Every structure is written in structure tokens, then in C-alpha cells.
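Numbers here are sequence positions counted from 1. As the structure is a prediction and not an experimental result, all values here were calculated from the model. All values below were derived from every heavy atom in this structure, side-chain atoms included, with hydrogens, water molecules and symmetry-related copies excluded.
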Amino acid sequence: MQLTKDTAEKRLKDMNMGDMPIMEFHPAPVKVASNWFITYKKLCHEFIETLTDSVEQLALMNLTQDEFMSLIMGKKIPQNLSIRFRIPLIWGGKLEIKNLFMCHTFPNSQRLDQFIIEQSGAKTVWLPNPSKKVYISLNNISGGDGGNATEDRLSQIAAQIVAARGMEQ
């Protein structure tokens with residue numbers, strides 16, 4: 001289905017993701033290397049290691065302290081979080097960190113899949129393009145069990161990790 005920018009934005013709003021920025025894209029199918037998944041898994045690990053600059057967004061994802069620590073330390077992606085491509089590989093997207101973003105699998109990633117699939121066959125598609133590495137729909141923001149205290153606690157933990165790694169936030 002061919003969408004205009006206005007209809008694409010309305011569709012995302014209907015999916016409770018009206019705050020998701022989109023970009024116009026003209027898909028041109030390309031051949032994807034057969035070993036793409038191996039490279040993708042390594043890239044995902046590198047991506048989560050860069051999330052120390054996204055602590056504020058991560059603190060709003062309602063993660064337990066253990067999930068947060070595993071994620072920020074680059075060990076494990078918690079359940080219900082997905083790493084997505086901004087531009088799909090089959091349309092020429094690159095296996096690069098800047099082509100990735102993280103969001104909740106349910107409902108966001110599933111809705112974004114539906115949004116993209118609905119545009120199948122269109123000459124111009126509208127792709128999700130959040131401004132940050134981590135997308136949290138304004139409709140789904142909820143702090144952890146401790147509310148703002150959870151965000152503050154997780155931010156302090158992340159600051160300690162950043163300092164220990166000798167990085168800047």
C-alpha cells in the first residue's frame with residue numbers, strides 16, 4: 001500500500017506510536033550476504049556496549065536492576081527488547097551500529113513490522129527513524145517499580161559503570 005507522509009504518520013498514531021519519526025525511503029532489493037546473521041549478532045553485542053549514553057531512555061524501560069546491569073554491561077539483551085534495523089538489509093541497509101535502534105518487542109517492534117509489511121510493493125516507503133538509539137513510545141512510558149527513584153538509581157549505577165570504564169556520558 002502506498003502511503004503519503006501524512007497517512008504514514010496517522011497509521012503510526014493509530015498504533016500508539018505517533019511520536020515515532022519516519023523517513024522517506026525508496027526500496028531497491030539487494031542480495032544479502034549468507035553470513036549476515038553472524039555479523040548481526042556481533043554487531044548487536046557492539047551496539048549494546050554503546051548504550052551507556054542512553055541510560056535515561058533505558059531507565060524508562062521498566063527493567064529490573066539485573067536486566068539493566070546485564071544490558072548496560074553488554075552481556076545480555078533482556079526479554080521483550082529488540083534491536084531493529086532502520087533500513088532493512090534487503091533494501092540496502094548496512095550492518096552498522098548507526099543503522100540500529102532498540103525498542104520493546106511487544107508492542108513496538110511487532111507494530112513496526114506490521115507498519116512496514118503494509119507498505120509492501122510501494123515505490124516509496126516510510127521507515128521508522130527514531131532520533132536516539134533507544135525508542136520508547138510516549139504512550140508506553142512507565143518507570144520501574146520504584147517510579148522516579150528507579151530511574152535515579154539506574155542512572156547512578158550507569159554513571160559508576162561509565163566512570164569505571166573510563167568513558168564519558
Side-chain angles (χ1 to χ4, degrees), residues 1-30 32 36-37 39-41 43-48 50-64 67-68 70-72 76-148 150-151 154-155 158:
M1 158 182 13
Q2 182 65 62
L3 301 175
T4 65
K5 184 174 185 180
D6 288 341
T7 57
E9 288 172 341
K10 182 180 181 329
R11 183 70 184 117
L12 283 172
K13 186 176 181 181
D14 292 345
M15 294 177 161
N16 291 322
M17 295 190 321
D19 59 330
M20 171 62 82
I22 54 175
M23 68 177 165
E24 182 177 3
F25 189 76
H26 302 281
V30 297
V32 177
W36 75 270
F37 192 73
T39 306
Y40 170 72
K41 294 304 278 181
L43 187 62
C44 286
H45 181 72
E46 291 172 22
F47 176 79
I48 63 174
T50 72
L51 293 176
T52 53
D53 64 355
S54 302
V55 171
E56 292 172 2
Q57 291 82 31
L58 294 173
L60 294 172
M61 296 192 95
N62 204 19
L63 302 173
T64 66
E67 290 171 331
F68 178 83
S70 285
L71 181 60
I72 204 78
K76 182 180 174 187
I77 300 169
Q79 285 187 326
N80 199 33
L81 292 185
S82 295
I83 298 176
R84 296 189 55 92
F85 289 106
R86 293 174 190 273
I87 300 173
L89 297 179
I90 60 168
W91 290 341
K94 305 293 182 207
L95 281 164
E96 299 172 344
I97 288 177
K98 66 183 180 181
N99 191 34
L100 300 176
F101 69 94
M102 179 179 280
C103 66
H104 283 107
T105 304
F106 178 82
N108 302 121
S109 188
Q110 292 175 345
R111 290 177 180 165
L112 292 174
D113 285 341
Q114 179 183 355
F115 175 71
I116 293 168
I117 290 168
E118 287 174 354
Q119 299 179 75
S120 180
K123 292 183 181 183
T124 301
V125 296
W126 299 93
L127 295 175
N129 190 29
S131 59
K132 298 182 180 182
K133 294 178 198 173
V134 178
Y135 169 72
I136 303 170
S137 173
L138 293 178
N139 292 317
N140 295 331
I141 288 183
S142 63
D145 296 335
N148 289 340
T150 299
E151 180 179 353
L154 295 180
S155 294

**Q** Do F115 and L3 pass the side chain to side chain contact (heavy atoms under 4.5 Å, CB included) test, and can you show the C-alpha distance, the side-chain angles, and the key distance before you say yes or no?
**A** CA-CA 10 Å; F115 175 71; L3 301 175; 4.1 Å; yes

**Q** What residues, two or more places apart in sequence or in another chain, satisfy side-chain contact (heavy atoms from CB on, under 4.5 Å) together with V32?
**A** W36, L89, I90

**Q** What pairs with E9 under side-chain contact (heavy atoms from CB on, under 4.5 Å), at least two apart in sequence or on another chain?
**A** K5, D6, I22

**Q** P27: which residues meet the side-chain contact (heavy atoms from CB on, under 4.5 Å) condition with it, sequence neighbours left out?
**A** F25, W91, V125

**Q** Return the set of residues passing ring pair (Phe, Tyr, Trp, His ring centres under 6.0 Å) with F85 (not counting sequence neighbours), or none when no residue passes.
**A** Y40

**Q** Taking only residues two or more places apart in sequence or in another chain, which ones pass salt bridge (charged side-chain N to carboxylate O under 4.0 Å, His left out) with E46?
**A** none

**Q** Enumerate the residue pairs fulfilling salt bridge (Lys or Arg N to Asp or Glu O under 4.0 Å) with a member in residues 121-134, sequence neighbours excluded, ordered by first and then second residue.
**A** D53-K133

**Q** Can E67 and L81 be said to form a side chain to side chain contact (heavy atoms under 4.5 Å, CB included), step by step?
**A** CA-CA 11 Å; E67 290 171 331; L81 292 185; over 6 Å; no

**Q** For side chain to side chain contact (heavy atoms under 4.5 Å, CB included), just list the numbers for Y135 and M102, CA-CA rounded to whole Å, side-chain angles, deciding distance to a tenth of an Å, and then say yes or no.
**A** CA-CA 6 Å; Y135 169 72; M102 179 179 280; over 6 Å; no

**Q** For a quick test of reading the model, state the closest non-hydrogen atom pair linking L138 to D19 and the distance between them.
**A** N-OD2, 2.9 Å

**Q** Yes or no on side chain to side chain contact (heavy atoms under 4.5 Å, CB included) for M20 and L112, after CA distance, side-chain angles and deciding distance?
**A** CA-CA 10 Å; M20 171 62 82; L112 292 174; 3.9 Å; yes

**Q** Kindly compute the distance separating SG (C44) from CG (L100), expressed to the nearest 0.5 Å.
**A** 6.0 Å

**Q** Rounded to the nearest 0.5 Å, what separates atom CG in N62 from atom NE2 in H104?
**A** 7.0 Å

**Q** Could you pull out the closest heavy-atom pair between L95 and L43, with the gap in Å?
**A** C-CD2, 3.4 Å

